[in-house]
Amino acid sequence: MKGATTAYRIHINGIVQGVGFRPFVYSLAKKNHLTGWVMNSSSGVDIEIIGSNEDVARFVQSLQSSPPPLARIDQFETCKIDPDHHEDFVILESKPQPGAYVPVSPDVSICEDCRNELFDPDDRRYRYPFINCTNCGPRFTIIQDVPYDRPLTTMSSFPMCPQCRAEYGDPLNRRFHAQPIACPNCGPQIQFVEKAKAPLQGEDALQSARKLLAEGKILAVKGLGGYHLACDGCNHKAVETLRFRKKRTDKPFAMMAYDLSAIEAFCEVGPQEKDLLSSRQHPIVLLAKKQGSCISPLAAPNQTHLGMMLPYTPLHLLLLEPAEGFPEVLIMTSGNVSEEPIAYTDEEAFQRLSGIADGYLLHNRPIHMRTDDSVAQIAIDRVYLSRRSRGYAPDPLPLPFETPPILATGPELKNTFCLGRNKYAFLSHHIGDLENFETLQSFEQGISHFENLFKIEPEIIACDLHPDFLATRYAEERAAKSGIPIFHIQHHHAHLAACLADNGWPDDNSEAIGVIMDGTGLGTDGAIWGGEFLLGNYSQAKRVYHLEYMPLPGGDTAIRKPARTTLAYLWKSGIQWSDSIPSYHALSPEETAIIYNQLHNNINVFETSSMGRLFDVVSSILGVCHSINYEGQAAIELENIISHEEMGKYPFQIKGSKITVDSILRSVLEDLQNGVDRGIISSRFHNSIAGIIVAVCNEIRQQSGISHVVLSGGVWQNQYLLSRTIQQLRVESFQVLWNKQLPPNDGCVSVGQLAVAAALQKKI
Ligand code: ZN
Ligand code: ZN
Ligand code: FE
């Protein structure tokens with residue numbers, strides 16, 4: 001007996017388009033004997049269902065509790081309506097709404113079903129490198145325009161064969177409306193190109209590429225968001241050659257291994273790390289390395305961790321398939337020379353990678369948006385990003401407030417930009433360091449692509465305070481051209497606001513303590529800030545404490561040479577330079593003479609309160625790192641020598657609003673001269689910084705009654721400092737907010753700029 005008939009209208013918001021939501025709803029409705037329809041609407045999905053009370057309830061319950069794997073439900077509204085008559089349950093064509101935006105899915109790593117078909121000899125897509133379905137495959141990187149439909153993707157030049165078309169049109173097929181659907185008969189193909197040889201296709205191409213890798217040569221591989229440079233991670237000579245040709249001295253290379261057990265041969269992999277490695281994003285995950293593995297020490301010099309990822313495309317799986325004599329782990333580093341952006345077109349790859357790669361594994365599906373691999377780790381109990389890019393972008397960050405259409409152009413290094421509308425921040429993929437023409441171009445193209453995809457016409461522009469940043473200049477030119485207001489936002493205020501927004505902090509004027517420990521950011525007084533204790537919210541931030549100003553001779557030159565910074569810090573602290581100090585020893589007499597002259601005559605000397613620089617200085621004093629060739633190197637290497645059992649710390653002083661640096665430097669030197677182990681000194685230094693932070697937060701709480709502490713800034717990538725500080729703050733009953741969906745480094749700054757500008761706009 002059937003119960004009474006009932007009808008509901010359901011509206012769902014969130015990531016529900018391009019993720020197989022409608023076919024999912026269709027089969028669920030069919031299973032529950034419901035009639036009605038499902039349809040994509042502006043920013044969501046609308047459903048009407050008619051059926052018995054029990055069936056309707058069961059449908060709602062299962063849709064809410066187990067939506068399709070790629071969906072994210074932000075809002076689920078139901079309302080009872082008068083039952084209408086429907087013969088069947090149908091998927092209705094969506095009505096385009098002018099001005100409405102349709103979410104665009106990030107690229108998704110290959111799913112279990114496709115993986116099984118890939119290696120099934122009876123499947124028609126057996127060993128086809130571009131197998132994908134509604135639940136997986138390329139998205140953001142191939143989308144040229146919205147709505148997300150095949151003709152507006154880089155798949156437009158591949159007409160579907162009848163079989164693919166039938167699958168595409170069948171609501172019960174797992175490839176229903178999978179825009180990149182393809183098969184060996186109609187889809188993209190691979191090609192292998194080696195100098196002075198005829199290009200090879202298909203399986204021959206794949207096997208020749210594998211042979212090249214097995215021989216210890218360097219292969220350029222076209223992936224999802226750009227080219228990788230690959231070589232055998234256990235072949236020392238190959239890794240050395242790659243470093244030399246790519247002009248990359250020390251910065252760690254990312255690696256890829258076939259499956260979890262292959263990764264476990266090289267690294268410690270906990271349960272959360274397994275989940276992260278196999279998540280739909282498949283980021284590079286930083287994992288503690290096991291001793292005595294065959295991986296070349298040059299893969300990640302002076303590191304305790306390795307950046308590992310699993311194959312995320314069918315092509316990767318085929319390329320890494322285990323076999324006798326084939327490498328167990330590949331270096332998979334971005335296809336570029338040094339600091340240029342990753343190559344993503346074939347012409348670019350041939351042009352820029354010709355001096356590096358011995359062969360190319362290409363394919364003819366164009367990449368529309370260049371996107372780097374994301375980098376993450378498990379910190380304490382949380383996924384903690386250091387680069388949010390492929391697999392994450394362009395998923396919007398839900399904001400705890402409404403925002404007008406704003407463009408925030410972000411910082412200079414590790415640039416991302418961000419566009420706001422409604423209650424969403426559309427944070428871009430990783431753009432890189434805006435220091436060369438190629439990156440600037442990629443930044444400008446990215447902005448116009450995002451504006452078009454998400455239908456955002458900025459009415460406000462937000463940017464950094466620094467007048468010379470390319471991102472600031474771009475912002476100023478655009479604001480002037482379109483006559484719209486521009487807000488220049490202090491870098492560390494942006495860090496605070498980004499972390500607040502990331503944690504869903506309301507825009508109700510409640511304040512938090514911002515412990516912004518960072519490398520570099522221009523302060524409102526013209527000095528270079530970076531060791532800041534702020535008290536504020538989205539609309540304003542007061543600088544209540546900071547590291548005392550220390551001299552930075554030559555600005556950027558000193559940043560690249562921590563030994564130089566060290567001499568300046570010692571000079572300011574009244575500590576005699578001597579040969580017993582490794583930093584002094586590491587510099588030539590000419591260099592020390594220049595620094596002496598600069599400091600004494602105050603030539604080109606900047607003042608800085610940067611915490612990043614203090615880490616550099618201690619790293620150099622201990623002889624760990626005197627000059628860097630990638631950002632953060634000295635601090636990272638200092639963290640890597642820590643001796644974890646040591647609990648000691650150094651005394652420090654607070655004078656007015658300033659935390660003095662010289663007592664810490666003196667203690668470090670004293671320990672060094674007494675022959676204390678460098679690992680123990682490094683621990684004591686880290687413990688001291690955690691201690692200072694807790695003490696200063698206590699001071700601020702006493703004065704203000706505020707006990708929420710926000711941790712943001714690049715220094716918080718330091719795992720040891722992060723966990724020690726959070727632990728101690730919690731013991732003292734502080735509520736700690738740290739980044740959840742955004743990286744703590746400058747990758748989050750554009751979101752903060754947007755949040756501050758939105759708040760300031762409301763006040764006008
Ligand atoms: Zn799939
Ligand atoms: Zn086909
Ligand atoms: Fe920063």
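Counting starts at 1 for both ligands and their atoms, in listed order. Please read all numbers here as calculations on a predicted model, not as lab measurements.
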Side chain of R543, backbone of F533: donor and acceptor closer than 3.5 Å? no

Examine distances only and state if a side-chain atom of R125 and a backbone atom of E117 form a donor-acceptor pair shorter than 3.5 Å. no

What angle, to the nearest 10°, do the atoms SG (C161) and SG (C186) form about the Zn ion (ligand 2)? 120°

Give a rough value, rounded to 10 degrees, for the angle at the Zn ion (ligand 1) between atoms SG of C114 and SG of C111. 110°

Using the Zn ion (ligand 1) as the vertex, how large is the angle between SG of C136 and SG of C133, rounded to 10 degrees? 120°

The Fe ion (ligand 3) has as its nearest N, O or S atom from H495 the atom NE2

Tell me, do S442 and I431 make a side-chain contact under 4.5 Å, heavy atoms counted? yes

Find, among atoms of H491 that are N, O or S, the one nearest to the Fe ion (ligand 3), and state its name. NE2

In degrees, rounded to 10 degrees, what angle do C164 atom SG and C183 atom SG make at the Zn ion (ligand 2)? 110°

Look at the side chain of D518 and the backbone N and O of N745, then say whether any donor-acceptor pair between them is shorter than 3.5 Å. no

Please find the N/O/S atom of D746 nearest to the Fe ion (ligand 3) and write down its name. OD1

Between S374 (side chain) and S389 (backbone), is there a donor-acceptor pair under 3.5 Å? yes

With respect to Q490, which candidate in H488, H493, H492 satisfies the side-chain hydrogen bond (donor to acceptor under 3.5 Å, both in side chains) definition? H492

When you measure from the Fe ion (ligand 3) to each N, O or S atom of D518, which atom gives the shortest distance? OD2

